[in-house]
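Following this message is one structure expressed as structure tokens.
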Amino acid sequence: MAKPNKKTKPAADGVLKTPTGIKGLDEITGGGLPQGRPTLVCGGTGCGKTLLAMEFLVRGATQFDEPGVFMSFEEKSDELTKNFASLGFDLNELVGQNKLAIDYVHLEPSEIEEAGEYDLEGLIIRLGHAIDTIGAGRVVLDTIEALFSGLSNEAVLRSELRRLFRYLKDKGVTAIVTGEQGERTFTRFGLEEYVADCVIFLSHGISQQIATRRLRIVKYRGSAHGTNEYPFLIDSQGFSVMPVSSIGLDHPASSERIQSGIPRLDTMLGGKGYYRGSSILVTGTAGTGKSSMAAHFVDAACRRGERCLYFAFEESQNQIIRNMQSIGIDLGKWVAKGLLQFQNARASLCGLEMHLVIMHKAVDRFDPAIVVVDPISNLVAAATEAEVKSMLSRLIDFLKMKQVTAFYTDLTSTSGSLERTEIGISSLMDTWLLLQAMEGSGERNRGLYLLKSRGMAHSNQVREFILSGGGIQLRDVYIGPGGVLTGSARLAQEARDKAESLMCKQDMERKRRDIERKKTAIEAQIVALRSELEAEKDDLDRILAEEKQRDETLASENLDRVKARQADTAAGLPTSSAKTGTGGRK
Amino acid sequence: MTNAEHSSKKPKTVEAKWMLRLYVAGQTPKSLTAFANLKKICEEYLQGSYQIEVIDLIVNPTLAKDDQILALPTLVRKLPEPVKKIIGDLSNTERVLVGLDIRPIL
């Protein structure tokens with residue numbers, strides 16, 4: 001959808017341009033309308049030609065200090081003044097300041113008789129006089145085609161129109177000429193033949209009973225321009241065109257992380273939460289808690305002092321605030337502080353493009369850090385799937401360009417694969433959370449899966465998602481021999497597990513005690529044996545000592561005996577005693 | 001010439017029943033033709049009871065807006081009411097007569 005052929009730099013391409021001051025139009029045209037040349041604005045009835053032309057003059061007078069002449073062939077000056085007062089343009093004031101001149105050209109065929117040759121010099125003089133009087137740089141002729149119904153001589157008219165446009169070019173004024181759409185031509189009387197520099201086509205398409213206004217630049221001589229049909233909006237601030245289709249894929253990527261408002265979820269998201277400026281999608285069947293997650297995210301952001309914009313297509317502001325109070329989130333106080341703004345609208349209120357335009361305007365005005373769209377699936381009510389996808393991709397691009405973190409919820413139908421978004425935009429998302437109802441043992445529980453999260457190591461675990469009075473809580477689901485269990489089944493299983501483990505523990509304790517006891521007994525035995533051994537050892541020592549004593553006594557007795565016998569002096573005392581000693585030991 | 005006529009308002013009859021204004025822009029061939037044709041018709045049908053005022057829009061451009069002049073030359077029948085407009089060089093006498101609502105006097 002996004003075409004890269006748009007030039008954002010004004011007057012980058014040779015042709016001098018006059019900025020219109022109309023939101024978005026200058027971006028599409030790359031700076032404005034061709035300066036000093038006429039531009040044709042054509043389209044069907046009620047598509048906003050006059051408004052575009054008038055706003056061009058009003059903005060010129062107020063923003064660019066360039067007075068303008070409005071030559072009307074259809075509406076009288078006071079009618080114009082009245083009509084534009086409703087858009088906040090005070091034409092009388094501008095006329096009073098000589099910044100605007102309105103000239104109503106009255107043409108009533110029945111009052112005019114044609115008798116012979118004529119030209120439109122009168123018109124040119126009139127226009128010239130008006131331009132010179134206020135020093136106008138801008139001129140609008142609305143709708144000059146009225147001349148064709150007022151005057152019958154078409155040949156003269158055509159040549160005179162050519163002269164008129166040449167005159168305008170010579171004057172160097174930037175002009176807008178409006179023209180009613182013809183059956184097969186851009187204008188009923190072929191004005192595009194004379195005004196060849198720039199042609200803007202406005203249309204008012206209706207699809208599925210919803211009207212969308214669109215603008216297209218058919219031609220812009222000597223300049224690049226956006227070629228798509230751009231939706232535009234007419235509201236109390238006038239005309240605004242959304243050059244949304246022209247957004248490319250060159251948005252910045254922040255590495256800043258922001259919390260999701262659910263601590264456990266942050267842990268799952270690589271421990272830090274989402275990336276700032278990323279797109280987060282939460283899908284799930286009805287009642288799985290998508291909006292609650294959004295509320296948590298908003299709450300966390302508001303706590304950080306960031307501004308949030310909440311687009312709700314299903315619930316009213318009060319309803320959301322009330323409902324979120326039940327899970328302990330008070331969004332009302334953030335609204336009161338001005339940090340949170342709700343934009344509630346039914347999806348079928350207007351066309352998709354219009355929704356996009358409204359969103360653009362709201363985002364531009366409020367300048368939020370976070371945008372919540374709840375839910376995107378509802379937009380399908382306003383258009384076909386392909387259109388929704390194209391619109392959303394543009395919305396995503398737009399928000400990414402602005403570094404706004406976007407949080408989308410999407411209701412998936414119960415039938416069919418859950419890992420499929422209604423609109424097939426999951427590929428555009430950076431983080432995708434899936435909330436799934438898990439049925440079992442007579443209850444429905446919510447499971448949270450993190451299907452993808454670009455650029456971070458994220459958890460692969462299923463978490464049970466519990467909505468309590470204190471907000472969302474994430475629990476590990478029971479994964480064990482009994483399978484994946486949630487809710488009371490998980491609690492029961494956990495209790496069972498606990499009992500089992502307790503029993504096991506007690507068993508172990510008993511065994512440990514047994515062994516302890518055994519150990520003590522054995523140790524006692526060891527002590528007894530050891531003392532027995534000691535006793536025996538003592539006996540042995542005693543016997544040995546007695547024997548020694550006996551030996552010594554024996555030896556001394558021997559010596560005494562030798563002495564007594566007066567034995568030869570064969571040996572000294574020590575020798576004999578040593579000999580005897582040795583012998584005695586043997 | 002136009003300027004001269006503008007001031008002279010030639011046939012100054014006492015009761016100008018017909019008040020005619022011819023808007024031109026300078027002395028173009030067309031405006032000269034128109035004036036000549038008008039003169040001729042008036043002399044023929046409204047003798048003595050008409051008054052012609054020639055207005056040059058180059059001199060008085062504001063009048064173009066005030067009198068809703070678009071094409072030139074334009075002849076405006078100011079009196080008798082209602083105001084009628086005839087555009088062109090008035091070469092088609094028949095249409096001028098219809099436009100001024102003058103029936104040929106029998």
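Note on naming: letters A, B, ... go to the chains in the order of the sequence lines (proteins, then strands), and numbering restarts at 1 for each one.
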Would you check, one step at a time, whether the test side chain to side chain contact (heavy atoms under 4.5 Å, CB included) holds for Leu151(A) with Ile87(B)?
-> CA-CA 10 Å; Leu151(A) 303 171; Ile87(B) 59 171; 3.6 Å; yes
Those residues that, when tested against Thr50(A), pass side chain to side chain contact (heavy atoms under 4.5 Å, CB included) (two or more places apart) = Phe70(A), Glu75(A), Leu80(A), Phe84(A), Asp142(A)
What heavy-atom pair brings Ile125(A) and Ala25(B) nearest, and what distance separates the two atoms?
-> CD1-CB, 3.5 Å
Interatomic distance, Leu57(B) atom CG to Ile124(A) atom CD1 [nearest 0.5 angstrom] = 12.0 Å
Do any of residues 98-120 of chain A have a heavy atom less than 4.5 Å from a heavy atom of chain B, and if so, which, in residue order?
-> Ile102(A), Asp103(A), Tyr104(A), Val105(A), His106(A), Leu107(A), Glu111(A), Ile112(A), Glu113(A), Glu114(A), Ala115(A), Gly116(A), Glu117(A), Tyr118(A), Asp119(A), Leu120(A)
Point-to-point distance, once rounded to the nearest 0.5 Å, from CD1 of Ile58(B) to NE2 of His129(A) | 13.5 Å
Mind checking what makes side chain to side chain contact (heavy atoms under 4.5 Å, CB included) contact with Pro34(A), not counting sequence neighbours?
-> Val15(A), Arg37(A), Thr39(A), Asp197(A), Cys198(A), Tyr220(A)
Quick one: what part of Lys30(B) sits under 4.5 Å from any heavy atom of chain A, side chain, backbone, both or neither?
-> side chain
Side chain, backbone, both or neither of Thr74(B) within contact of chain A (heavy atoms, under 4.5 Å) = neither
Considering residues at least two apart in sequence or located in another chain, which fulfil the salt bridge (charged side-chain N to carboxylate O under 4.0 Å, His left out) criterion with Arg221(A)?
-> none
Closest heavy-atom contact between Ala64(B) and Gly122(A)?
-> CB-O, 4.3 Å
Decide yes or no for Leu70(B) and Leu147(A): does some side-chain heavy atom of the first lie under 4.5 Å from some side-chain heavy atom of the second?
-> yes
